[in-house]
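Heavy-atom basis, side chains included; hydrogens, waters and symmetry copies ignored. Here the structure is a predicted model, which means the values were calculated and not measured.
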Amino acid sequence: MLEQLERTGEDQISLTDPDSRAMAAHTRVAVGYNAQIAVDVKHKLIVEQQVTNQVVDMGMLTQTAQPAKEVLGVETIDVVADKGYFKIEDIEACEKAGMVPYVPRPQRGPSVKAGRFRKDEFQFDADKDSYVCPAGQRLYPCSSSLLRGLKKINYVNKLACDDCAMRSQCTGGKFRTVSRLENEAVLGRTHRRFS
């Protein structure tokens, strides 16, 4: 079986149905499929459906909404999905294809789990290429790397964190780092749609 996984590039094998996968459903795991459905809200009709063995919904937004847009024969559509579909590249692809995505951004990461300041509590200042933290200090670019083929820039201000009265609410380390992807302006547009 390990040879088969290596040969196919898959990460799991189902012994009962070769096309199915282990899917998490709330607190249970069951072997099955992931059904994707697009509904025309005005007429309450299913306009697109597909069944996949992709375990999570993330990355499925455009490939479900695009065929629905074509079936409806419209120039643009609003696409509404839950936070499980949130993927910045997918949201950007929807916008480029004439679709307006409404997908809430999930709050995740070590700071969220620890009950500390979330990234969305830091305000990005495009003119000064910096973030302003909840304590009013600026974080500046200090390093970059690639994430899923996108440039990721890390912003910090080690000196400001040294004697910050709010540091325990922000980080468990010596300083806080906030990262930004090169196409993160997409998130600003998405956030404003919910305002």
Side-chain angles (χ1 to χ4, degrees), residues 9 11 24 34 36 54-66 69 75-195:
D11 57 2
N34 185 348
Q36 299 294 311
Q54 183 171 316
V55 176
V56 295
D57 294 329
M58 189 170 37
M60 299 295 297
L61 188 67
T62 306
Q63 62 182 299
T64 304
Q66 181 67 40
K69 180 179 176 247
E75 289 294 315
T76 185
I77 62 170
D78 289 344
V79 177
V80 180
D82 66 45
K83 64 184 177 183
Y85 288 84
F86 189 90
K87 184 176 181 184
I88 191 169
E89 298 92 336
D90 217 12
I91 291 169
E92 186 175 36
C94 276
E95 289 180 345
K96 288 178 179 175
M99 297 179 279
V100 182
Y102 290 84
V103 184
R105 182 178 188 170
Q107 297 299 323
R108 53 184 169 225
S111 294
V112 173
K113 287 179 185 172
R116 296 193 173 101
F117 292 131
R118 300 179 317 270
K119 179 182 175 181
D120 66 344
E121 295 177 273
F122 290 72
Q123 301 300 313
F124 184 68
D125 182 340
D127 294 334
K128 295 185 178 176
D129 189 23
S130 63
Y131 275 94
V132 178
C133 76
Q137 296 294 322
R138 287 196 180 271
L139 284 73
Y140 297 99
C142 78
S143 64
S144 66
S145 59
L146 286 177
L147 176 67
R148 297 187 311 260
L150 297 169
K151 184 177 180 183
K152 180 180 91 166
I153 303 167
N154 299 311
Y155 293 77
V156 300
N157 186 338
K158 294 177 184 179
L159 291 175
C161 291
D162 277 345
D163 56 356
C164 180
M166 299 174 86
R167 187 169 80 192
S168 65
Q169 295 172 269
C170 194
T171 183
K174 293 185 181 231
F175 58 90
R176 174 69 182 259
T177 301
V178 176
S179 300
R180 182 175 180 82
L181 293 173
E182 65 182 281
N183 61 349
E184 201 151 325
V186 169
L187 300 183
R189 292 192 299 271
T190 301
H191 179 73
R192 284 189 294 279
R193 287 186 203 116
F194 286 99
S195 300

To the nearest 0.5 Å, tell me how far [X] [atom1] sits from [Y] [atom2].
| X | Y | atom1 | atom2 | value |
| --- | --- | --- | --- | --- |
| Leu150 | Asn183 | CG | CG | 5.0 Å |
| Arg105 | Phe86 | CZ | CZ | 5.0 Å |
| Arg148 | Ile88 | CZ | CD1 | 8.0 Å |
| Phe175 | Leu159 | CZ | CG | 11.0 Å |
| Ser130 | Gln137 | OG | CD | 11.0 Å |
| Gln54 | Met60 | CD | CE | 5.0 Å |

Measuring only between side-chain heavy atoms, which start at C-beta, is [X] closer than 4.5 Å to [Y]?
| X | Y | answer |
| --- | --- | --- |
| Met99 | Gln66 | yes |
| Phe124 | Asp129 | yes |
| Cys94 | Leu61 | yes |
| Phe122 | Cys170 | yes |

Looking at [X] and [Y], what are the two nearest heavy atoms and their distance?
| X | Y | value |
| --- | --- | --- |
| Gly149 | Glu182 | O-OE2, 4.3 Å |
| Gln123 | Asp120 | NE2-O, 3.7 Å |
| Glu184 | Ser179 | OE1-O, 4.1 Å |
| Tyr102 | Val100 | CD1-O, 3.4 Å |

- Task: Report the residue from Arg176, Lys119, Arg118 that forms a side-chain contact (heavy atoms from CB on, under 4.5 Å) with Ser111.
- Result: Arg176
- Item | Option among Ile91, Val186, Thr62 that satisfies the side-chain contact (heavy atoms from CB on, under 4.5 Å) test with Pro101 |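 The passing option is Ile91.
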For residues 139-146, dump all side-chain donor-acceptor pairs below 3.5 Å to protein atoms at least two apart in sequence or in another chain.
unit_1, atom_1, unit_2, atom_2, d
Ser143, OG, Asn154, ND2, 3.1

- Is Lys69 reaching over with its side chain to a backbone N or O of Ala97, donor-acceptor style, under 3.5 angstrom? yes
- Task: Verify, without hydrogens or angle tests, whether Lys83 (side chain) and Val103 (backbone) share a donor-acceptor contact under 3.5 angstrom.
- Result: no
- Item | For Gln36, all residues meeting side-chain hydrogen bond (donor to acceptor under 3.5 Å, both in side chains), sequence neighbours excluded |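 Gln36: side-chain hydrogen bond (donor to acceptor under 3.5 Å, both in side chains) contacts with Asn34, Asp57, Tyr85.
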- Query: Could Glu95 and Arg193 be called an ion pair, given the rule that one side-chain N must be under 4.0 Å from one carboxylate O?
  - Reply: yes
- Query: Are side-chain N/O atoms of Tyr131 and Asn157 paired as donor and acceptor at under 3.5 Å?
  - Reply: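 Asn157 and Tyr131 do not have a side-chain donor-acceptor pair below 3.5 Å.
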